[in-house]
Amino acid sequence: MESNVAGLVGNQSHNSLVNKSYSCGPVKSLSGQGKGLIGNSHNSNALNSFWDITASDQSSSNGGTGLTTEQMIQSNSFTEWDFNETWQILEGLSYPALQWQDSISTPIPAPSNLMTASAYETIHLSWNHSLSQALGYRLYKNGTLLNDDFLIIDNEYTDSSVSNWEYNSYRVSSLHEIENVVIESVTTSAISASALNFAGGTGTVSDPYLVTNDENLYGMRFSLASSFMQTADINLTDSSWYDEGGWIPVGKNLVEAFSGKYDGNGYAIQGLQISRPNDSHQALFGYIKNAQLFSIVLSDVEIQGHNFTGGLVAYSKNSIIDNCSVVGGSVTGHGSYTGGLAAFCTNGSEVSYAHNSATVTGVDTTGGLIGQNRLNSLIFQSSNLGIINAGGGLIGGLVGYNSNGSHISYSFSESTVTVTGTGSGSGSIGGLVGRHDSSHIYNCYSTGSVHSASEGVGGFVGTADGSSIINSYSRVDVTGFQFVGGFIGRQTEYSASTSFIGNSFSTGMVSGQIYTGGFRGSGQGMIVNSYWDRETSGQDFSSGGLGRTTDELTFPYNTDTYTDWDFIATWAEDSSYTINNGYPYLREEVAMLFADGD
């Protein structure tokens, strides 16, 4: 999505022209998509115009040319500008100013690279020296000059008049003498910091902050890019660090998202409580971006939110979630995107060895583990055992909606999925995935039951479009209204040439009123070497797949069943009838079950 937040013009349109202009201030957008000079530009142009990429912290613009601060204080950088009659500049010291301005009013660039380092009841600040010789520096704290009775000579300062866990905002400017007048430069962009109180460590990857109690856990929000390691079980039940709605999620938005590393070290975080049914992005972490979460165990959670509600994470962008679990309790979303572990994973997020057993309740796009998995995101060796209740569409035992080149592999759901909605948008309900678009699933299974009075209801996937499913099975009893199948409810016809299901089977009871089949309810798309049990399903018809009797599908397998299946590397024979009632099972399945403690 384009941004209309920019240094000079937010939205330029209708053949308008920006010529011989510049901007040098900081640019921040809550969407994280601010622009240096021009935000949106439609049928318009920007000629001989520039912005300071250093001061603005923006490397792109829909018009104009980005320059460094060093270039912005040199007249030869400004092509075709008239520095005789229109503009003036203090060469190597200031940005350009108009001729009618006093020379001492020309804007001088701010010091650069303002940084903070927090410790117990102290905040240390440092910055780069001004590009030209400065008399000294002024430091502003929360909008007020901190050093009104002295001048900071060095390019650093330690503020000891702070309290732990309280944000302070800082800006720095430099003082210069021009024509016997002392003038002040532009101030830096504000930077916020808080004094910290962790159990140890410095917040680096090699020396993470140590988290031993609820205060330390709360403190993560004050150092979002740091590394943390949990060293003890933490009980959040009735924590003194709650507000009236319970836990305040870590990470407010994509600009202020958690981008560091948290290693739960296998210790539990018990009793997480959030009650904000009208607020979105509710979870332990509200937003994570380019983050890493490892070995976090949440137990007995009680979470209520609106859109984007999860147990561990509400919104994950390009992040890693590994060996994390939500055990017991409930996660309830009163809007769209609800997941026991994470509500929304996008832009190459990776979830592996993850598990949920909390009860999950949502409206639309709800999954036992993840609400929506999109844009090349991955789920590997993960599972859901929690009950799913929903009132809308795109509902799955593991994932509500898997889309845009995403992958699910070696994962399963053993769950009861119940959907009460019957109106428009209430379809695509599946034992593993509700809707599966332009993506891939392989080596996965689902068991349990799916109950819905809507359409596109399947034991494994509700609706699939332009996607592949390989080496998977469903043993889910399915009840639906229209487009109901033991394995898949509907493969849409729009992408029949790219839809594919291979080497898969289903055995559950299937009940529907219109377009109902043992394997597939309706649709087009290639189905190869895939089967359904005519006896256990109660269905002799399917719009795809091959029907077989229970004897033909269970050990010893009939010769014309499971044709070209790999029983060496992928599938195993259940000759003892102790693992999958005689049906084949995935060789990784025993390892998956063991990992989940079954």
Side-chain angles (χ1 to χ4, degrees), residues 117-122 163-166 194-243 245-251 257-275 282-288 291-303 310-314 316 319-331 340-342 351-358 382 595-597:
S118 299
Y120 183 77
E121 294 187 346
T122 61
S163 301
N164 293 327
W165 314 132
E166 291 184 1
S194 169
L196 307 176
N197 184 23
F198 292 106
T202 58
T204 64
V205 173
S206 59
D207 186 29
Y209 287 127
L210 301 183
V211 177
T212 63
N213 55 39
D214 55 350
E215 180 185 356
N216 300 155
L217 193 68
Y218 179 85
M220 288 191 298
R221 70 198 66 241
F222 297 96
S223 194
L224 293 169
S226 297
S227 294
F228 303 86
M229 177 179 287
Q230 189 172 333
T231 58
D233 291 335
I234 298 173
N235 192 335
L236 290 179
T237 305
D238 299 322
S239 170
S240 61
W241 293 93
Y242 286 166
D243 71 2
W247 176 260
I248 301 172
V250 176
F258 181 79
S259 59
K261 175 182 177 182
Y262 189 96
D263 184 354
N265 214 14
Y267 289 102
I269 299 173
Q270 183 179 8
L272 173 64
Q273 299 172 9
I274 299 175
S275 181
Q282 300 299 308
L284 182 69
F285 293 89
Y287 289 83
I288 64 173
Q292 301 176 62
L293 306 182
F294 297 107
S295 303
I296 301 172
V297 180
L298 298 180
S299 63
D300 302 321
V301 301
E302 296 295 336
I303 298 173
L312 180 65
V313 174
S316 170
S319 296
I320 294 173
I321 303 173
D322 180 68
N323 195 33
C324 296
S325 59
V326 178
V327 182
S330 65
V331 176
L341 184 84
V351 176
S352 57
Y353 302 99
H355 171 73
N356 172 66
S357 62
S382 297
D596 281 293

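All of these numbers come straight from a predicted model, not from anything done at the bench. Count residues from 1 along the sequence.
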Task: Minimal non-hydrogen separation, Ser163 against Ala195, with atom names - done: O-CB, 3.8 Å
Open item on the list: Measuring from atom CD1 of Ile303 to atom CG of Leu272, what distance do you get when rounded to the nearest 0.5 angstrom?
Closed with: 4.5 Å
- [ ] Grab the two heavy atoms, one from Ala291 and one from Ser319, that are nearest each other, plus how far apart they are.
- [x] N-OG, 3.0 Å
Open item on the list: What's the separation between atom CG in Asn213 and atom CD1 in Ile234, rounded to the nearest 0.5 Å?
Closed with: 6.5 Å
Open item on the list: Between Leu224 and Val250, does the side chain to side chain contact (heavy atoms under 4.5 Å, CB included) criterion hold? Intermediate values first, please.
Closed with: CA-CA 8 Å; Leu224 293 169; Val250 176; 3.8 Å; yes
Open item on the list: Between Asp233 and Gln270, is there a side-chain donor-acceptor contact under 3.5 Å, judged purely by atom types and distance?
Closed with: no
TODO: For residues Leu312 and Cys324, report the shortest heavy-atom separation together with the two atoms involved.
DONE: CD2-CB, 3.8 Å
Task: Test item: Ser227 side-chain N/O and Pro208 main-chain N/O as donor-acceptor pair under 3.5 Å - done: no
Task: Heavy-atom side-chain proximity of Gln273 to Asp238 below 4.5 angstrom - done: yes
For a quick test of your reading: what N or O donor-acceptor pairs under 3.5 Å do the side chains of residues 294-302 make, sequence neighbours left out?
from   : atom 1 : to     : atom 2 : distance (Å)
Ser295 : OG     : Asn323 : ND2    : 3.2
Glu302 : OE1    : Ser330 : OG     : 2.8

Open item on the list: Within the 4.5 Å heavy-atom criterion, are Trp241 and Ile248 side-chain neighbours or not?
Closed with: no
Open item on the list: Applying side chain to side chain donor-acceptor pair (under 3.5 Å) as the test, list every pair that has at least one member in residues 257-269; sequence neighbours left out.
Closed with: Gln230-Tyr262
- [ ] Could you tell me whether the side chain of Ser240 reaches within less than 4.5 Å of the side chain of Asp214, counting heavy atoms only?
- [x] yes
Task: Over all atoms of both residues, closest heavy-atom pair of His355 and Leu341 - done: O-CD1, 4.4 Å
Open item on the list: Just verifying a value: how many Å separate Leu284 CG and Leu236 CG, rounded to the nearest 0.5 Å?
Closed with: 7.5 Å
- [ ] Mind checking the CD-CZ spacing from Glu166 to Phe222? Nearest 0.5 Å is all I need.
- [x] 8.0 Å
Open item on the list: Counting C-beta onward and ignoring hydrogens, is there a side-chain heavy-atom pair between Trp247 and Leu217 closer than 4.5 Å?
Closed with: yes
Open item on the list: To check you understand the geometry: which heavy-atom pair defines the closest contact between Gly286 and Pro249, and what is its length?
Closed with: N-CB, 3.5 Å
TODO: List in chain and number order the residues that pass ring pair (Phe, Tyr, Trp, His ring centres under 6.0 Å) with Phe198, two or more places apart in sequence or in another chain; answer none if no residue qualifies.
DONE: Trp165, Tyr209, Phe228
Open item on the list: Would you compute the distance between atom CG of Asn164 and atom CG of Leu196 and round it to the nearest 0.5 angstrom?
Closed with: 7.5 Å
Task: Pairwise distance OG(Ser239) to CD(Glu215) - rounded to 0.5 angstrom - done: 9.5 Å
Open item on the list: Is it the case that the side chain of Thr212 and the backbone of Ala232 share a donor-acceptor pair, with hydrogens and angles ignored and the cut-off at 3.5 Å?
Closed with: no
